[in-house]
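Shown next, in structure tokens, is the structure this report addresses.
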Amino acid sequence: MNEKFDCIVVGAGPAGSAAALAMAREGLKVILLERGEYPGAKNVFGGVLYRQQIEEMVPDFLQEKNPPIERYIVEQRLWMMGKESAVTFGHRNEAYKNPYNCFTGIRAKFDQWFAEKAVAAGALPVYETVVLDLIREGDRVVGVRTDREDGDLYADVVVIADGVNSLLGKSLGVHREWNPDEVSLAVKEIIMLPKEKIEDRFGLEGDEGVTIEFMGETSKGMAGMGFMYTNKESISLGIGVMVGHLRKSGLKPHDLLEEVKRHPSIRKLIQGGEVKEYAAHLIPEGGYHSIPPLSGNGWCITGDAAQLVNFVHREGTNLAMVSGRLAAEAIIEAKQRGDFSAASLKRYDDAIRSTFVMNDLKKYKGMHALLKEQDPKLLFEQLPKAVNEAAYEMFLVNGISKAEKQKKAVKIIKQAAGGSMNLVKLGMKGWRAING
């Protein structure tokens, strides 16, 4: 293929397809490369999609006959897990229906649908193609080298959207190998259940959905979170833990998930279900301080490849779509000027730093250091266990006065933290970590 493109997009996930769609709509000559058999074939995520960011790209998607969504989320729950117990927090609100806030989704369905929008706008799809390296002239990126015969492709700009391990980012030198405490390994199962059972067990009506995220003894003392999301006729159940902690534990990810499934609070919700799919995926969790330069001479980097994941709120697809769209807008302007230099494409960096994407990541910039410095057993085992024991004491009616019960509950939590001062210090560290 000897023709030159305005832009080569590497990766047809949410970031890459958003970039390709925005540029194709403006008449740019765009080629969309994907290593999988189809978009989404190689991609895994927890399962939540966000209305606003999809609507910014496809305004009428909810009016389509079969939009790529499973259930409309009306309730979000957080469980702090003991060995056979859970302290629960949550919020349910009918207001999340007007307008919808977020949805559960299946990545293989969503990615195909979204990439098709880009193709319909004029992007050229080339799938089952591995990009091996960038082609450079001096310090300028001018194309990519693929595994196809005569597979060198040339363009004014390359959008790098090749995921958490970003081979192209490493080739540029802006994406180093992750430290074990900067990335989590998430394992996930899709468990088939009849629609009626899902609605009955989770208290749902029609297409309503619920998300449950949990932490505590389910991660076996490692820094990590689990999730359980309702789809139309299945449950997405998974858990992600820091790679460094997983290595030290010697536990196999699949065995960890099997332990999760045996917890009474979870077992009863998935009982009778049939596992349809199992997958594992790395999640970048380095946060604000791990974000690389986002553009340079002839290139932009987006989505997971750029560490744009808010691991505190478990958000990634929405950040990816925003980054893809903003990269495209910078390239469209660069095309109008005929200038694809680093100075010209820096508009992308500047734009993303003014959005919620960078503001949210900056707000939580201290979280990674907190998780790195603090003993994970304290945060993810001892304190959740103590909170559950304290709750048990408070709700147990056994002739002991409520004042005595309150004293006992407070004592349990203080002891787990190593004393009152340690508890106060931990609280102060946590407050600073979530407030930039």
Side-chain angles (χ1 to χ4, degrees), residues 1 5 7-25 29-50 53-54 57-58 61 64-70 103-132 144-149 151 153 155 158-168 186 188-190 192 229 231-234 236 238 275-283 302-305 316-318 320-321 323-325 327-328:
M1 190 179 290
F5 295 88
C7 184
I8 298 167
V9 179
V10 182
S17 290
L21 174 57
M23 288 185 286
R25 280 177 173 164
K29 194 182 208 178
V30 181
I31 184 168
L32 179 61
L33 303 179
E34 166 60 39
R35 66 189 176 97
E37 181 182 354
Y38 53 85
K42 299 288 187 180
N43 296 330
V44 181
F45 79 139
V48 178
L49 300 161
Y50 299 87
Q53 284 70 48
I54 303 173
M57 302 300 302
V58 188
F61 82 99
E64 293 188 9
K65 186 176 180 180
N66 292 302
I69 54 181
E70 294 288 306
F103 325 96
T104 50
I106 304 296
R107 189 69 183 267
K109 294 179 182 178
F110 178 79
D111 282 13
Q112 286 184 77
W113 172 85
F114 198 32
E116 285 168 6
K117 296 295 181 185
V119 173
L124 175 64
V126 179
Y127 304 149
E128 295 185 271
T129 299
V130 177
V131 175
L132 303 173
V144 299
R145 183 156 290 123
T146 75
D147 62 349
R148 289 177 174 259
E149 187 177 352
L153 302 172
V158 173
V159 170
I160 299 169
D162 57 348
V164 58
N165 278 324
S166 191
L167 296 178
L168 299 187
K188 169 188 170 182
E189 287 183 351
I190 299 290
M192 303 304 296
Y229 303 148
N231 304 315
K232 286 179 181 176
E233 296 183 313
S234 66
S236 295
V275 177
K276 179 185 177 182
E277 178 184 316
Y278 173 84
H281 186 60
L282 292 175
I283 302 173
T302 61
D304 280 11
T317 54
N318 53 337
M321 293 175 74
S323 69
R325 176 175 59 81

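Values below: every heavy atom of this structure, side chains too, minus hydrogens, waters and symmetry copies. Note that this is a predicted model, so its numbers are computed, not measured.
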Side chains of [X] and [Y]: does their closest heavy-atom pair fall under 4.5 Å?
X: Thr317; Y: Val48; answer: no
X: Val144; Y: Val10; answer: yes
X: Ile54; Y: Phe110; answer: yes
X: Leu168; Y: Val131; answer: yes
X: Pro68; Y: Phe114; answer: no
X: Trp113; Y: Phe61; answer: yes

Using every non-hydrogen atom in the two residues, find where [X] and [Y] come nearest and quote the distance to one decimal.
X: Met57; Y: Ala18; answer: CE-O, 3.4 Å
X: Phe5; Y: Lys29; answer: CB-O, 3.6 Å
X: Gly151; Y: Thr146; answer: O-OG1, 2.8 Å
X: Ile283; Y: Val164; answer: C-CG2, 4.4 Å
X: Pro14; Y: Met321; answer: CB-CG, 3.7 Å
X: Leu21; Y: Ala118; answer: N-CB, 3.7 Å

> With sequence neighbours left out, which residue pairs that include part of residues 31-41 fulfil the side chain to side chain donor-acceptor pair (under 3.5 Å) condition?
Replying inline: none

>> Under the criterion side-chain contact (heavy atoms from CB on, under 4.5 Å), I'd like the reasoning laid out for Met23 against Val159: C-alpha separation, chi angles, the key distance, then a yes or no.
In response: CA-CA 11 Å; Met23 288 185 286; Val159 170; 4.3 Å; yes

>> Checking Arg145 now: which residues fulfil salt bridge (Lys or Arg N to Asp or Glu O under 4.0 Å) with it, not counting sequence neighbours?
In response: Asp152

If we ignore hydrogens and angles and just use 3.5 Å, is the side chain of [X] paired with the main-chain N or O of [Y] as donor and acceptor?
X: Ser323; Y: Gly303; result: yes
X: Thr302; Y: Ile160; result: yes
X: Glu70; Y: Lys232; result: yes
X: Ser236; Y: Gly47; result: no

> Looking at Arg148 and Glu128, does any basic side-chain N land under 4.0 Å from a carboxylate oxygen?
Replying inline: no

>> side-chain contact (heavy atoms from CB on, under 4.5 Å) for Leu32 and Ser17? Distances and angles first, verdict last.
In response: CA-CA 8 Å; Leu32 179 61; Ser17 290; 4.1 Å; yes

>> Once rounded to the nearest 0.5 Å, what's the spacing between atom NE2 of His281 and atom CZ of Arg107?
In response: 6.5 Å

>> Could you walk me through whether Asp147 and Thr129 satisfy the side-chain hydrogen bond (donor to acceptor under 3.5 Å, both in side chains) test, starting with their C-alpha distance in whole Å, then the side-chain angles of each, then the deciding distance to 0.1 Å, before giving a yes or no?
In response: CA-CA 6 Å; Asp147 62 349; Thr129 299; 5.0 Å; no

> Got more than 12 heavy atoms from elsewhere within 6.0 Å of NZ, Lys117?
Replying inline: yes

> In this structure, which one of Ile31, Val119, Leu33 forms a side chain to side chain contact (heavy atoms under 4.5 Å, CB included) with Leu124?
Replying inline: Ile31

